[in-house]
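Let me begin by presenting the structure, written as structure tokens, before commenting on it.
When a ligand or atom number is given, it counts from 1 through the structure's own listing order.
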Amino acid sequence: MLFNTLVIGSGISGLSLALHLAENGQSVCLITKESNLEKSNTYYAQGGIVALGEKDSPDLIVKDIIKAGGKLVNKKVAKEIASTAFKVIKEFLIEKVGVEFSQQKGKFVYTKEGAHSIPRILFQKDYTGREIELKLIQKAKANKNIEIITDCMAIDLIDNTHHSRNPEERYRKKEVWGVYAYLLKEKRVIKIFAESTVLATGGVGYIFKHTTNPDSSTGDGIAMAIRTGCEVINTEFIQFHPTTLYLPYSNERFLISESVRGEGAEIVDKNGYPFIKDYHPLGSLAPRDIVSRAIFDYLTKTKEPCVYLDLTKVKEKYDIKKRFPQIYKKCIEKNIDIENNPVPVIPAAHYFCGGIKAKLNGETGIKRLYAIGECACTGLHGANRLASTSLLEGLVMAYKCAETLTKKKDKLSEKRISQIPDWIEPEGNIADPVLIEGDIENIRNLMWNYAGIIRSPKRLKRLNTDLLFLYNTVENFYKENKLSKRLIELRNMITVARVISSQALRNRESSGCHYITSEREDL
Ligand SMILES: Cc1cc2nc3c(=O)[nH]c(=O)nc-3n(C[C@H](O)[C@H](O)[C@H](O)COP(=O)(O)OP(=O)(O)OC[C@H]3O[C@@H](n4cnc5c(N)ncnc54)[C@H](O)[C@@H]3O)c2cc1C
């Protein structure tokens, strides 16, 4: 199979790119490891997407992005994204794909989230991601230039210098020609070749014990890129969302969107006191890292299990069931009536600000390899992401990447790819699921405890040691056993966890969502 473009991932970035390219006549193969195309972080996005609010300007958006992300924000990228935002949302998402955003009297309604200076976020009730994802899927399925393969998990990137049987390739510049992918239902590995390969594999939330992300967010694309020799940056910057539903005896962390606070909800303690204002003048709407740390600090000091979100002011403005139907439904299922009671919440890992170093058009340091969306790092988020900018980043990256790939005339010859051998599966056993799940739980616990909201050099040193031990165990385990989805994910999780842990230890300066105590405090 040789395509113009192989897209790995069916979230906002992968689907948008596939659609742009297919419309320009390219042959596109889009794969996802899940049975359902919609299973992605995109589907779960609630709050909305940054657009251009009334009395807004790209400069003001950039100012807010920098306020949240600090000096590490790539200003050039931020400016380009802010100035392209409304065009891509309007012309592509709304007009072409048919995404509907909430309106009142025929006009878009804009909401506000933490650290935004004005309301500028377009949303569809509290299920913006679902609305975008399902509409994109509908369009992609209808396009005959896109071959969609579900239950198809990319294992490793194929590159000329490492995989080709032609020794001359070893001395050429490294190029990526596609992937080895595991067909989960048929239990066999295939090769998919493409002139350009695009990683759109999303984030890493699932490597933390508590996360808002689905269990598919295991950092696969990032791990594959690392194994191929790509640069991966800013990985210490993991954003922890302050408000996820606290359910005792459960690891499930359903997000209570920041837009609930944007509409007036306040974080309070069990006595109803809005304690965040003691930590930051913006109170409940301070940047996410500050609110998460404030809650963490408060819980550590008080030994309480959770804090609360008080929706009294939201109720004064809205019918909560209509404005936040998904959140209302989820809470009622758990016997929490958010119209009349405060919601118990705690922070959880939410968004990966780092990733594969990429330009805004997805170009990485390796020829024919691109990375877009949450798995990529353009520097837009710096040390901390401004709320609702990630759907936008995925969308704009897909648009820019499509512009580049449409112009590209760099053919890949059948002769060269014929030198790539088939995948050789070891004669091993079926991996013991108890060992796989045990290792996964170990990684998730270690990452949450030692690389979580508040880090210290001592914790990170311990983490590095423990992860190295686990890494060696997992690599051997992987080589000795037959492939399975969870085994491949485990290998990717440990790879990504190690990079995060070592980059976090190397960066002794707290900034944005990387908060590290000093050696002195650590004693
Ligand atoms: C609960 C929640 C709420 C959020 N709310 C907002 C919000 O309101 N606004 C906002 O801007 N952002 C929000 N975000 C963040 C945003 O949703 C994500 O950053 C964005 O959707 C990422 O899109 P993506 O296309 O990069 O990746 P994803 O949407 O995560 O898609 C990744 C795809 O890659 C596939 N994949 C992964 N590994 C492999 C593999 N090995 N082989 C094949 N396929 C693979 C997955 O199956 C999936 O299809 C939220 C995130 C969460 C979890």
Side-chain angles (χ1 to χ4, degrees), residues 6-18 30-51 111 113 121-124 126-133 136-137 148-157 179-184 192 198-206 211-224 239 241 243-245 253-259 262 326-327 348-353 355 362 371-376 380-381 385-395 397-398 485 488-489 491-492:
L6 166 65
V7 180
I8 308 167
S10 59
I12 189 169
S13 53
L15 286 165
S16 304
L17 174 66
L30 182 140
I31 65 170
T32 171
K33 64 179 175 177
E34 301 300 331
S35 305
N36 299 323
L37 276 172
E38 66 259 31
K39 186 162 174 192
S40 60
N41 274 1
T42 301
Y43 182 85
Y44 291 95
Q46 296 179 355
I49 182 165
V50 162
T111 189
E113 292 187 75
I121 296 159
L122 286 175
F123 60 96
Q124 177 51 265
D126 60 354
Y127 47 77
T128 312
R130 185 172 86 198
E131 165 70 13
I132 294 174
E133 179 73 12
L136 283 170
I137 289 174
I148 296 175
I149 316 179
T150 56
D151 295 296
C152 179
M153 181 170 198
I155 310 169
D156 263 319
L157 295 164
V179 291
Y180 286 110
Y182 186 50
L183 295 177
L184 298 169
I192 307 177
V198 185
L199 295 165
T201 47
V204 304
Y206 189 72
T211 181
T212 60
N213 292 193
D215 60 8
S216 50
S217 294
T218 47
D220 297 2
I222 298 154
M224 287 189 278
Q239 186 175 74
H241 199 291
T243 54
T244 68
L245 184 61
R253 291 289 169 251
F254 178 76
L255 181 74
I256 309 291
S257 168
E258 192 155 310
S259 55
Q326 192 183 211
I327 295 174
H350 184 57
Y351 182 79
F352 192 42
C353 300
I372 59 174
E374 193 169 337
C375 70
L380 172 71
H381 310 295
R385 174 184 76 125
L386 178 67
S388 287
T389 49
S390 39
L391 288 172
L392 180 65
E393 186 186 32
L395 191 70
M397 286 192 88
K485 184 169 185 248
I488 300 168
E489 287 179 338
R491 183 185 187 218
N492 292 332

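Taking Y351 as the reference, H381 meet the ring pair (Phe, Tyr, Trp, His ring centres under 6.0 Å) condition, with sequence neighbours excluded.
For ligand 1, the 4.0 Å heavy-atom shell takes in I8, G9, S10, G11, I12, S13, I31, T32, K33, E34, K39, S40, N41, T42, Y44, A45, Q46, G47, G48, C152, M153, A154, A200, T201, G202, T212, N213, D220, L255, H350, Y351, G373, E374, R385, S388, T389, S390, L391, ordered by chain and residue number.
Salt bridge R491/D156: present, at least one basic N to carboxylate O contact under 4.0 Å. With respect to the salt-bridge test (charged N to carboxylate O, under 4.0 angstrom), the residues E489 and K33 qualify.
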Practice item. Could you walk me through whether S35 and D151 pass side-chain contact (heavy atoms from CB on, under 4.5 Å), step by step? Key: CA-CA 5 Å; S35 305; D151 295 296; 2.8 Å; yes
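Residues D126 and S257 form no side-chain contact, since every pair of their non-hydrogen atoms from C-beta on lies 4.5 Å or further apart.
Rounding to the nearest 0.5 angstrom, the gap separating the CD atom in Q46 from the CD atom in E258 is 11.0 Å.
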